[in-house]
Amino acid sequence: MAFVSSGYNPDKPMEDRITDIGPRKFDEFYPPVIAKNKGTWLYHEYIQPGVYYHVAKSGDKVFTVRVGGVRLMSTTHIREVCDIAEKHCDGYLRFTTRNNIEFMVDSEDKVKPLVQDLESRKFDGGSFKFPVGGTGAGITNIVHTQGWLHCHTPATDASGPVKATMDVLFDDFKDHRLPAHLRVSLACCLNMCGAVHCSDIAILGYHRKPPLLDHEYLDKMCEIPLAIAACPTAAIKPAKIEVGGEKVKSVAVKEERCMFCGNCYTMCPSMLLADTEGDGIVIMAGGKVSNRISAPKFSKVVVAFIPNEAPRWPQTTETIKQIVEAYAKGANKYERLGEWAERIGWERFFEKCELEFTHHLIDDFRDPAYFTWRQTTQFKF
Amino acid sequence: MAKHKTPLLDQLESGPWPSFVSDMKQQAEVRAKNKEKVEFQIPQDVVEDLIGVLELSYKHGRTHWKHGGIVGVFGYGGGVIGRYCDQPEAFPGVAHFHTMRVNQPSGKFYTAEYLRQLCDLWDFRGSGITNMHGSTGDIIFLGTTTPQLEEIFYEMTHTHKQDLGGSGSNLRTPSDCIGAARCEYACYDTHALCYHLTQEYQDELHRPAFPYKFKFKFDGCPNCCVASIARADMSYIGTWRDDIPVDQEAVQAYIGGELPPNGGAHSGRDWGPFDIEKEVINLCPTNCMWMEDNKLKIDNKECNRCMHCINVMPRALRIGEDRGLSILVGAKAPILDGAQMGSMLVPFIKAEEPYDGIKEVIEAIWDWWMEEGKNRERLGELMKRQGFQKLLEATGLKPDPRMVSEPRSNPYIFWKEEEVEGGWTRDINEFRKHHQR
């Protein structure tokens, strides 16, 4: 494994340096049918779940086949995606915001061979490499974060619970039976790199134990004032602690004030949140980002805690399935999950989804809490 | 023969959904065989150790990645995230396992040729494991060592004409929806605006000068496919201000069942024949539609452009012709003081090159936030702390009822002295002439 230089000279880092060039320009990657018809598309229609076409003013059509992508992807897999694009799509492809892959062809006769090819490819372990679906009134791919694979703050894994959940929801990835589209998202901690807070169903990793303090090293590894300032509930104060007969500078945490957000850990690696029993999953529901019919909404916490049950998180996936089925049965056509819950009332939502309502679900965090309490005599038995 | 036994992860290979475990295993095997005779610049068994350390996390229920670490490329303050394993003896291949963010092209369109070039680079100098794509939108290269960072950057900029994305207290890599490239709902060219602003603000993207992260996201219409309204400090959402064109013949074709509602998105269930009253007119949030003489009528002045009718009948109704965008500001995820949705700041602005009006708003906001924002305070939090009025002052925008969902319900107005006739300086003796103590 000899070091191979790229041409970079560490003694003269500014020599021939190229910076601030930004991304490659989008139009060099457009398939010809897209380049030609950009801005003149008239309408689109689904042929089957995962397959749809757009018609342009010129009469041109582009047929798109959408497949579930796994956000965590190897170059081996990407090269296979490239093979498929070269075989069927003149070497063009795109990814969607929700980690799906879209293969586009310019005539209908190219669709069937493409779909057959995609559906025929499987991993050695048996799962599909490129399942076709994820469109319309169904469930598309779950957007997610890094989890245990590559992050320092997670309270759960990301790729694992996503795989387990998509296995359970797979039929709806390949169907259009739901009242509207249903977006599932996962964030492995409250930092929410995945911004799951406006999803129909959100899977959120959460810690439940206050920071474990590594007193011996805390002052060496952290700026104590920054750690103190990082706490949104002012639960951290400076403290002198005896370690091995010596007084060291550290912090003390007022534990009953801790909301387990992990912001202190972000500033100070000696305040550790991760814990096998403490960590697990919060289920949130009823959010949306679209402005269609009703305004965008935040997701609400509907299950306060489910333990991490690696490798397949059965309670989490069962709970999600329960919510999806109740929604599929109860909601009107076009009604998003949150709109359905608001129409029938959240008291009815818990009944229909067979979820227990516990005190954890009543907001007690600052001003916004008040606006979620019921200030009317209107309720349902 | 696998380097580490992975009985837990192995259970994620079954089931229909693509298995990331199977994919990592195939990658480990490809590296082990190395048919292409790549001179790997980081350990050949890096992926095996990655699988191994993940298995350990599955056993422990805890991550085995250490807190950050300051690594990067010369002159940039973002784009690289340091990552170290907390079990380096057991998994030496991933002892140093840094992330690089690569600025994706608008709309995430690619040629196979270009993706292969990136794969070649990443197999040679990194783990070959990626995210396509990260949450913000970048191509994520997962796992390389410190000495490779400059080499990758050099090759990326020189050979592939490709730059890194943002991280830290920078402008984060802007991202957009598919837009006009393949969507009939796009009210402006999201790719063009996203690319233009990304290039314009390269300095802000690479060199941390902000109190905290700052995100731009570009949605072509109010359907908000990239969720800009929920997660961008500034979201640009396409809209229009004239009438929705109606093709009455196509309306009849929907009513007659010749065209599938919502483009056939509900094909998996028999919802009965299409009922325009029930499915469109009665669901309109402003009740601005009705049928008259077999024609669909819209009182366009009352329409709030929610997109529902257009989504349901895309061949009969279209977005208007006088198009532009709305700018909403201050969205963020819950850390720290709860989640915030974007708030309307500019109800309508044209999106035409060179986008000067849009840049004026951006720069005025940055000036205010960089002056007043505390360390790690997002724009939305500053807005809450100082009030919407301060945002108006900073941007010079006129108050408009479109900026609020309702006027305030308390009268605690912070009147300014210059707003009150006669000012605030008064003479007590003059007052006492008419009012005894």
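Just so it is clear, the values below take in all heavy atoms, side chains as well, and ignore hydrogens, waters and symmetry mates. Below, chains carry the letters A, B, ... as their sequence lines are ordered, and counting in each starts from 1.
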Student: To the nearest 0.5 Å, what is the distance between NZ (B:K108) and OG1 (A:T96)?
Tutor: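 That separation rounds to 7.5 Å.
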
Student: Mind telling me whether B:H266 and A:Y334 have parallel, tilted or perpendicular rings, with 30° and 60° as the class edges?
Tutor: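 Because their plane-to-plane angle is over 60°, the rings of A:Y334 and B:H266 count as perpendicular.
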
Student: Under 3.5 Å, is there a donor-acceptor pair linking the side chains of B:R182 and A:T64?
Tutor: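 Distance-only check passes for B:R182 and A:T64.
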
Student: Does the side chain of B:V312 come within less than 4.5 Å of A:R292's, by heavy atoms?
Tutor: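 Yes, their side chains come closer than 4.5 Å.
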
Student: Check whether any side-chain heavy atom of B:I335 sits under 4.5 Å from a side-chain heavy atom of A:T266, and report yes or no.
Tutor: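 No, too far: nothing below the 4.5 Å cut-off.
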
Student: Which of these, A:F130, A:F123, A:F128, A:F173, sits in a ring pair (Phe, Tyr, Trp, His ring centres under 6.0 Å) with B:W17?
Tutor: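 Result for ring pair (Phe, Tyr, Trp, His ring centres under 6.0 Å) with B:W17: A:F173.
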
Student: Has the side chain of B:T130 got a donor or acceptor atom that lies under 3.5 Å from a matching backbone atom of A:M73?
Tutor: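 Such a contact is found between B:T130 side chain and A:M73 backbone.
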
Student: Quick check for you: among A:I18, A:D20, A:T276, which has the greatest number of heavy-atom pairs under 4.5 Å with chain B?
Tutor: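 Top count of heavy-atom pairs under 4.5 Å with chain B: A:D20.
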
Student: Would you say the side chains of B:S135 and A:R71 form a donor-acceptor pair under 3.5 Å?
Tutor: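 Note: B:S135 and A:R71 side chains meet the donor-acceptor criterion.
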
Student: Between A:A35, A:A180, A:P269, A:P10, which residue shows the highest count of heavy-atom pairs closer than 4.5 Å to chain B?
Tutor: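 When all of A:A35, A:A180, A:P269, A:P10 are compared, A:P269 has the most.
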
Student: Does A:N291 reach the main-chain N or O of B:P222 with its side chain, forming a donor-acceptor pair under 3.5 Å?
Tutor: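 Yes, the answer is positive, given that a donor and an acceptor are paired below the 3.5 Å cut-off.
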
Student: Excluding sequence neighbours, so at least two apart, what forms disulfide bond (SG atoms under 2.5 Å apart) with A:C268?
Tutor: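 Scan of A:C268 (disulfide bond (SG atoms under 2.5 Å apart), adjacent residues dropped) gives A:C222.
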
Student: Do A:V4 and B:Q41 make a side-chain contact, defined as non-hydrogen atoms from C-beta onward lying under 4.5 Å apart?
Tutor: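 They are in contact (side-chain heavy atoms under 4.5 Å apart), so the answer is yes.
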
Student: Please report the closest heavy-atom contact between A:Y92 and B:T111, naming both atoms and the distance.
Tutor: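 It is CE2-CG2, 3.7 Å.
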
Student: Testing the basics here: between A:Q146 and B:I140, what is the closest heavy-atom pair and its distance to 0.1 Å?
Tutor: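 Result for this residue pair: NE2-CG2, 4.3 Å.
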
Student: Can you find a heavy atom in the side chain of A:T19 that is under 4.5 Å from one in the side chain of B:H206?
Tutor: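 The answer is no, as the side chains (C-beta and beyond) never meet within the 4.5 Å cut-off.
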
Student: May I ask you to check whether over 12 heavy atoms, not counting those of A:N332, lie within 6.0 Å of atom CG?
Tutor: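 For A:N332, atom CG is crowded (more than 12 foreign heavy atoms under 6.0 Å).
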
Student: At their closest point, which heavy atom of B:Q104 faces which heavy atom of A:P23, and how far apart are they?
Tutor: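 Shortest heavy-atom separation between B:Q104 and A:P23 comes out as O-CB, 3.5 Å.
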
Student: Is there a side-chain contact between B:L54 and A:D157, using heavy atoms and a 4.5 Å cut-off?
Tutor: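 Side-chain contact under 4.5 Å: yes.
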
Student: Under 4.5 Å from any heavy atom of chain A, what part of B:K66 do you find: side chain, backbone, both or neither?
Tutor: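 The answer is the backbone of B:K66.
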
Student: Tell me, with the steps shown, if A:L93 and B:L115 meet side-chain contact (heavy atoms from CB on, under 4.5 Å).
Tutor: CA-CA 10 Å; A:L93 68 138; B:L115 279 182; 4.0 Å; yes

Student: Considering only heavy atoms, which portion of A:R366 lies under 4.5 Å from any heavy atom of chain B: side chain, backbone, both, or neither?
Tutor: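 For A:R366, the contact with chain B is made by the side chain alone.
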
Student: Under 4.5 Å, counting heavy-atom pairs only, tell me which of A:K129, A:R79, A:H77 racks up the most with chain B.
Tutor: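 Among A:K129, A:R79, A:H77, the one with the most close pairs to chain B is A:R79.
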
Student: Can you tell me how far the CG atom of B:N223 sits from the NE2 atom of A:H181, to the nearest 0.5 Å?
Tutor: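 B:N223 CG to A:H181 NE2: 7.5 Å, rounded to 0.5 Å.
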
Student: Let's test your reading of the structure: which of A:A85, A:G69, A:C261, A:S5 forms the most heavy-atom pairs below 4.5 Å with chain B?
Tutor: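 The option with the most such pairs is A:S5.
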
Student: Would you check if the side chain of A:W148 reaches a backbone N or O of B:H64 as a donor-acceptor pair within less than 3.5 Å?
Tutor: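 Judged by distance alone, no pair lies under 3.5 Å.
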
Student: Shortest non-hydrogen contact from B:Q26 to A:S74?
Tutor: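 Looking at all heavy atoms of both residues, the shortest contact is NE2-OG, 4.0 Å.
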
Student: Please give me the minimum heavy-atom distance between B:H158 and A:D16, naming the atom from each residue.
Tutor: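 Closest heavy-atom pair between B:H158 and A:D16: NE2-O, 2.7 Å.
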
Student: Could you tell me whether a side-chain N or O of B:Q11 sits under 3.5 Å from a main-chain N or O of A:R312, the two making a donor and an acceptor?
Tutor: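 No, B:Q11 side chain to A:R312 backbone: no donor-acceptor pair under 3.5 Å.
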
Student: Return yes when atom CD of B:E113 has more than 12 non-hydrogen atoms of other residues, nucleotides or ligands closer than 6.0 Å, and no otherwise.
Tutor: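 At most 12 heavy atoms, drawn from other residues, nucleotides or ligands, come within 6.0 Å of this atom.
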
Student: Select one option (side chain, backbone, both, neither) describing which atoms of A:K25 are under 4.5 Å from chain B's heavy atoms.
Tutor: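 Both parts, heavy atoms under 4.5 Å.
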
Student: Closest heavy-atom contact between A:M192 and B:P334?
Tutor: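 The pair with the smallest heavy-atom distance is SD-CD, 3.3 Å.
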
Student: Once you round to the nearest 0.5 Å, how far does CD of B:Q199 lie from CD1 of A:I21?
Tutor: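 B:Q199 CD to A:I21 CD1: 8.5 Å, rounded to 0.5 Å.
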
Student: Name the option with the most non-hydrogen atom pairs under 4.5 Å to chain B; the candidates are A:D279, A:L72, A:D175, A:V70.
Tutor: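 Heavy-atom pair counts peak at A:L72.
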
Student: Given that the side chain runs from C-beta out, which part of B:N304 has a heavy atom under 4.5 Å from chain A: side chain, backbone, both or neither?
Tutor: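 Neither part.
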
Student: Charged N to carboxylate O below 4.0 Å: is that the case for A:K163 and B:E13?
Tutor: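 The answer is no: the pair does not qualify as a salt bridge.
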
Student: For the candidates A:G126, A:P307, A:P296, which exhibits the highest count of non-hydrogen atom pairs separated by less than 4.5 Å from chain B?
Tutor: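 Most pairs with chain B among the choices: A:P296.
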
Student: Can the ring centroids of A:Y265 and B:H67 be said to lie less than 6.0 angstrom from one another?
Tutor: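 Yes; B:H67 has its ring centre under 6.0 Å from that of A:Y265.
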
Student: In terms of heavy-atom proximity below 4.5 Å to chain A, should B:I42 be classed as side chain, backbone, both, or neither?
Tutor: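 B:I42 touches chain A through backbone heavy atoms alone.
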
Student: How about A:H44 and B:Y185: do any of their side-chain heavy atoms sit closer than 4.5 Å?
Tutor: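 Yes, close enough: below the 4.5 Å cut-off.
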
Student: Please determine whether a side-chain nitrogen of the Lys or Arg among B:R315 and A:E45 lies less than 4.0 Å from a carboxylate oxygen of the Asp or Glu.
Tutor: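 Looking at B:R315 and A:E45, the cut-off is met.
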
Student: Side chain, backbone, both or neither: which part of B:C221 has a heavy atom under 4.5 Å from chain A?
Tutor: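 For B:C221, neither part sits under 4.5 Å from chain A.
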
Student: When the ring planes of A:H150 and B:F97 are compared, do they come out parallel, tilted or perpendicular, using 30° and 60° as the limits?
Tutor: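 Perpendicular.
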
Student: Is it the backbone or the side chain of B:T99 that comes under 4.5 Å from a heavy atom of chain A, or both, or neither?
Tutor: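 Interface part for B:T99: both.
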
Student: Taking the side chain as every heavy atom from C-beta outward, state whether A:P179 and B:W271 have any pair of such atoms under 4.5 Å apart.
Tutor: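 With C-beta onward as the side chain, the pair touches.
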
Student: For chain A, find which of B:L8, B:T198, B:D23 contributes the most heavy-atom pairs closer than 4.5 angstrom.
Tutor: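 Top option by heavy-atom pairs under 4.5 Å: B:D23.
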
Student: Chain A heavy atoms under 4.5 Å from B:V47: which part of the residue, side chain, backbone, both or neither?
Tutor: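 For B:V47, neither part sits under 4.5 Å from chain A.
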
Student: Step through it carefully: locate the ring centre of B:H191, locate the ring centre of A:Y30, and say whether they are under 6.0 Å apart.
Tutor: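 Centroid distance B:H191-A:Y30: below 6.0 Å, so yes.
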
Student: Please step through salt bridge (Lys or Arg N to Asp or Glu O under 4.0 Å) for the pair B:R116 and A:E86, ending with a clear verdict.
Tutor: CA-CA 11 Å; B:R116 284 188 202 281; A:E86 278 165 350; 2.6 Å; yes

Student: Is the backbone of A:F26 close enough, under 3.5 Å, to the side chain of B:S106 for a donor and an acceptor to pair up by distance?
Tutor: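 Such a contact is absent between B:S106 side chain and A:F26 backbone.
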
Student: Only pairs of heavy atoms separated by less than 4.5 Å count here; which of B:H160, B:M307, B:R31 has the most with chain A?
Tutor: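 With the most close heavy-atom pairs to chain A, the winner is B:H160.
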
Student: Under a 4.5 Å cutoff for heavy-atom pairs, which residue among B:A230, B:A227, B:P314, B:A186 has the most contacts with chain A?
Tutor: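 Highest number of pairs under 4.5 Å: B:A230.
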
Student: If only atom types and distance count, is the side chain of A:R177 paired as donor or acceptor with the main-chain N or O of B:G268 below 3.5 Å?
Tutor: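 Looks like no, no N/O pair under 3.5 Å.
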
Student: Under 4.5 Å heavy-atom distance to chain A, tell me which part of B:N262 shows up: side chain, backbone, both or neither.
Tutor: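 When you check distances to chain A, atoms from both the backbone and side chain of B:N262 fall under 4.5 Å.
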
Student: Which atoms of A:M14 come close to chain B, meaning under 4.5 Å heavy atom to heavy atom: side chain ones, backbone ones, both, or neither?
Tutor: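 Only the side chain of A:M14 comes within 4.5 Å of chain B.
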
Student: Do the side chain of B:E184 and the main chain of A:T40 share a donor and acceptor less than 3.5 angstrom apart?
Tutor: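 Flag not set: sc B:E184 to bb A:T40 has no pair under 3.5 Å.
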
Student: Is B:K59 close to chain A through its backbone or its side chain, or both, or neither, when contacts mean heavy atoms under 4.5 Å?
Tutor: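 Neither part.
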
Student: Judged by atom type as modelled, is there a donor-acceptor pair below 3.5 Å linking the side chain of A:T97 to the main-chain atoms of B:V226?
Tutor: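 Not at all, since once roles are kept as given, no pair shorter than 3.5 Å links the two residues.
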
Student: With a 4.5 Å limit on heavy-atom distance, are the side chains of B:F153 and A:Y8 in contact?
Tutor: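 No. Closest side-chain heavy atoms not under 4.5 Å.
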
Student: Examine whether an atom of B:A331 lies under 4.5 Å from a heavy atom of chain A, and if so say whether it belongs to the side chain, the backbone or both; otherwise answer neither.
Tutor: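 Contact with chain A: none, neither part.
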
